[in-house]
Structures are given as structure tokens and as C-alpha cells.
Amino acid sequence: MLYKAYEIQRSLLNACSAMASMGAELLNDSRFPLAGTGLTQMYASALDVFAHATAPRGKPTFGIKAIHLDGQAHVVTETTEIHRPFGDLKRFSHDGLPADAPRLLIVAPMSGHYATLLRGTLERMLEHNVVYITDWADAKFVPLSEGRFDLDEYIDYIVDFLEFIGPGAHLMAVCQPSVPAFAATAIMARENNPCRPVSLTMMGGPIDTRESPTAVNDHAITRPHVWFKHNVITTVPANYPGAGRRVYPGFVQLASFMSMNLGSHMMSHYALFNHLVQGDGESAEGTKTFYEEYRSVCDMTAEFYLQTVDVVFQRHALPKGEFAHRGQVVDLGAIHDTAILCIEGERDDISGIGQTRAALKVTPNLPDKLKQYHLAAEVGHYGIFNGSRWRNKIAPIVDEWIDRHDARDSGRKLSVVA
């Protein structure tokens, strides 16, 4: 019933959004006698804000056409290298990269948003690397006949993608995928897989949520596992290809995140209203662009979501040495030559300080020279991987880490044509 009720509400809001948009256009039309006057401008701005907040949204595109380096534009190519039911492997390159440019696999979060949330991350890393990224599917569009998808499958996808890219690749996990990416690295190390990553960068990831618990962590541990199963899991309705699939809907995740910082979101929309009233189109467009991406959400399979809550947030299985993949316990001690960089934000309200850094404590056989930690001052969760501080202060640290260890592993790396 939850999903059906949402669909009814969405249909009604879509109609209201269209009407509000038409109303705003009418009031702003130069042929309208009162266009641009005080009250008319306020009404038009209010309608515009409402229309934008309730507009339907699908899957965004990456839309990266060119990379600008040293005043020169380089054309970006985007290709889908592997297509699978629950996620594709996309490749980005540009004509300014050398043939031996480092290859980086970015594992995007499967946490209610599309991989395009990392557009800024990808664009910045693309300056010096051939970048691959996991483009996870919206579960409501995956037919039941394609089977299930949980943490085991997630880890398998990462391993398979690294094997496709070949020896010498680097791995980056942003937030949620830090756990499966860390596990995949350990599994590949245990098997002496030649395609194990040369370096692993984890940013704002919940490796050990017992460290500096946040409101998100508290929400996960104050309720029993069965509560999540009965209260936030629902069935995809018949109007989608994934009809009948049990999912954790993206709209529930969005509502949760919005409610965590409701005051800030309300002030952002009030600021948007003021920008429109004042005719500050550039500032208004910036706010709209952010929320267009932020409100574009997708569903997760119920088995993946519930297993993540149980294993990562309630039982802390990975740092305790109890995390299992396909029935076999993952030995983090197997990691001995993958350089690990952990990055956290001082003001992160999703993954607290110390949760990602914990990865450096549970890899006893990795030399200290292959470990590094960086705490980004005055940076929140989103700012770790997007925005000016990411581009100018954090990304250069990642660049240096990749370059240092790419050179170290040049003997194992395969040559790639950009």
C-alpha cells in the first residue's frame, strides 16, 4: 500500500507542478500587464519554487562533454563497457590523457541516489585518470526474473569490474560502498588476484559505525531488524518492469535525509524564492541544479538494504572479523599491498569521524607506508566528494596518492589507450 499511495500522491503533485509552472510563466510573460511588479513577481516566484519542488524526476545523465585543462578543452567520451541487470560499468576518458594514464574505478553509492550524484567527483578525477564508474540500476525497473541482489552480488560486481579493467587499476569508494569495496579488496588479496586494486580510497564510509555514531547510525541500531522489514520495505506496483519485487523505495530514503536537516532545506528553498524575486537567476539556478540531482532517487532491493542494516550498522561484522561473502569469512589481514587512503569530513553528519579511519586499524599486515588518513576541515558529508573544497583541497591528495602508487605498481599495470 505504501508504494501505491506514493504513486497516487506523485500523480497529483505532477499535475499541480505543471499548473504552477504554467502560472509562473504567465505571470512572468512580458505581455502580461503586471509582469515584474512587486506582488506579481512574488506570486510568480512562489509558484516557480513549488513547481520545481514537486516536478517529476527520472534518471539524470552525466552530461560531461569536455574537460578543461590549462586553458584547453578536451572532448570527453562516455561508453558503457559492461551491461548487467543491477548495474552497468561506464568508462570516461578524454583526448588529453596519455596512453598510460592511471585507471580508476569509482564505486558509486547504492543508497537511494543515482551514480550521477558523483558527477563532480568523476569530473575532477577525469582530469588525470581514465575513470570507470558503477552505474547502479533502479530496482523497480529490474524484472523479478533477473533474481536477487544483496551484498554478495554487490561484491561480485566490484570484483568482476576490476577484472575487466585489468591489473594495475585503482579503486575509490564514496560512502556506503566503502564496506563492499574493502571486502572485495580483501577477497582478491586472499586469492592473489592480479587484478586486485593498487590503491583503495574510501571517503566517508561506514567501516565501523561504533566510532562517533551519527543520527543515521542511531536510527539503525535503536530499532530491531524486523522493524525495518515491516515498516520501510514495500512491493513495486504493476506499472513498473520490476512489479512484485520487494524494495526499499528511494522516496523513503529521500524523506529520511530531508527530515534530518529539514530546517536547512527549508531555508534553501526560502533563499531560492528570494533569488527569484530579486531576479538573481544564477543563484536560483545553482539551487535548482542541486535539488534536481538530490531529489532524483531510485529504489534498492529489499535484501540488499536489510542485509546492510544488519551487517554494517547493527552487527558491525566487517571490523569485528565476522563479515562473510558467499559463506566464507572475509579476512582483512589478507590485504598486504593495496595502498589505503581514508578521507573523512570534520562536519560529516552521516559517517562520523573515525568510522572510515577504522579501516587502517583492521589491516594488520598492510605496512604503515601504504596507509594514509586525511580529515577535511569544515567539510560535511556531501563536501567530501563534491564542491570547491573537494576540487581544490581533497582531490589533489587523492591525485598524489594514486600517482605515487601507480608508479610503484607500473610493472604490473597494463597499458591502456585513453
Side-chain angles (χ1 to χ4, degrees), residues 59 62 78-92 103-118 121-122 130-191 193-203 205-207 242 245 247-248 250 298-308 311-312 317-318 323-328 330 335 338:
K59 181 179 180 180
F62 284 98
E78 173 185 341
T79 58
T80 299
E81 300 294 305
I82 298 177
H83 175 70
R84 289 192 174 176
F86 289 97
D88 298 339
L89 177 65
K90 285 187 170 291
R91 179 183 185 272
F92 291 81
R103 290 160 296 138
L104 172 66
L105 170 60
I106 299 177
V107 186
M110 184 181 281
S111 56
H113 285 98
Y114 293 98
T116 50
L117 188 69
L118 302 188
T121 317
L122 190 160
V130 176
V131 179
Y132 296 79
I133 191 167
T134 57
D135 188 22
W136 302 116
D138 187 338
K140 65 174 170 283
F141 291 108
V142 183
L144 276 173
S145 59
E146 297 292 353
R148 57 185 279 119
F149 186 88
D150 61 10
L151 274 171
D152 283 343
E153 280 76 25
Y154 196 119
I155 292 170
D156 289 343
Y157 270 49
I158 294 174
V159 172
D160 290 348
F161 289 165
L162 284 169
E163 290 180 338
F164 174 84
I165 297 169
H170 302 265
L171 186 60
M172 173 188 284
V174 179
C175 190
Q176 167 269 320
S178 293
V179 169
F182 197 21
T185 301
I187 292 167
M188 297 178 80
R190 181 192 67 211
E191 298 172 350
N193 191 320
C195 297
R196 63 190 181 277
V198 175
S199 74
L200 168 61
T201 298
M202 293 179 282
M203 306 167 66
I207 298 300
R245 182 178 293 280
V247 296
Y248 174 66
C298 55
D299 299 348
M300 292 173 268
T301 62
E303 58 271 17
F304 170 78
Y305 173 78
L306 293 173
Q307 188 181 9
T308 299
V311 172
V312 177
L318 188 62
F323 186 94
H325 170 259
R326 302 292 181 193
Q328 187 170 357
V330 174
I335 300 176
T338 294

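Since the model is a prediction, treat every value here as computed from it, not as a measurement.
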Show your reasoning for whether side chain to side chain contact (heavy atoms under 4.5 Å, CB included) applies to L104 and M172. CA-CA 7 Å; L104 172 66; M172 173 188 284; 3.9 Å; yes

Quick one: pull up [atom1] in [X] and [atom2] in [Y] and give me the separation to the nearest 0.5 Å.
| X | Y | atom1 | atom2 | result |
| --- | --- | --- | --- | --- |
| D160 | I155 | CG | CD1 | 12.0 Å |
| I165 | L105 | CD1 | CG | 4.5 Å |
| Y248 | L306 | OH | CG | 10.5 Å |
| R245 | M300 | CZ | CE | 14.0 Å |
| R148 | E303 | CZ | CD | 4.5 Å |
| Y157 | F86 | OH | CZ | 6.5 Å |

In terms of side-chain geometry, is the basic nitrogen of K59 or D135 positioned less than 4.0 Å from the acidic oxygen of its partner? yes

Quick one: does any side-chain atom of [X] pair with a main-chain N or O of [Y] as donor and acceptor, under 3.5 Å?
| X | Y | value |
| --- | --- | --- |
| D88 | R84 | yes |
| S111 | Q176 | no |
| Q307 | L151 | yes |
| D299 | D138 | no |
| R196 | A184 | no |
| E153 | D150 | yes |
| T338 | P197 | yes |
| T116 | F62 | no |

What closest approach, in Å, do [X] and [Y] show between heavy atoms, and which atom pair accounts for it?
| X | Y | value |
| --- | --- | --- |
| S199 | H170 | OG-ND1, 2.7 Å |
| A139 | V247 | CB-CG1, 3.9 Å |
| A137 | P85 | CB-O, 3.5 Å |
| A186 | I335 | CA-CG1, 3.6 Å |
| P167 | P194 | CB-O, 3.4 Å |

Residues H325, D156; criterion side chain to side chain contact (heavy atoms under 4.5 Å, CB included); working and verdict: CA-CA 9 Å; H325 170 259; D156 289 343; 2.9 Å; yes

Show the numbers, then the answer: is there a side chain to side chain contact (heavy atoms under 4.5 Å, CB included) between I207 and V179? CA-CA 6 Å; I207 298 300; V179 169; 4.2 Å; yes

[Y] and [X], any side-chain heavy atoms less than 4.5 Å apart:
| X | Y | result |
| --- | --- | --- |
| V312 | L318 | no |
| V107 | V174 | no |
| E163 | N193 | yes |

Could you go step by step and tell me if M188 and T185 meet the side chain to side chain contact (heavy atoms under 4.5 Å, CB included) rule? CA-CA 5 Å; M188 297 178 80; T185 301; over 6 Å; no

Y154 and F149 aromatic ring geometry - parallel, tilted or perpendicular at 30°/60° bounds: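 Ring orientation of F149 relative to Y154: tilted.
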
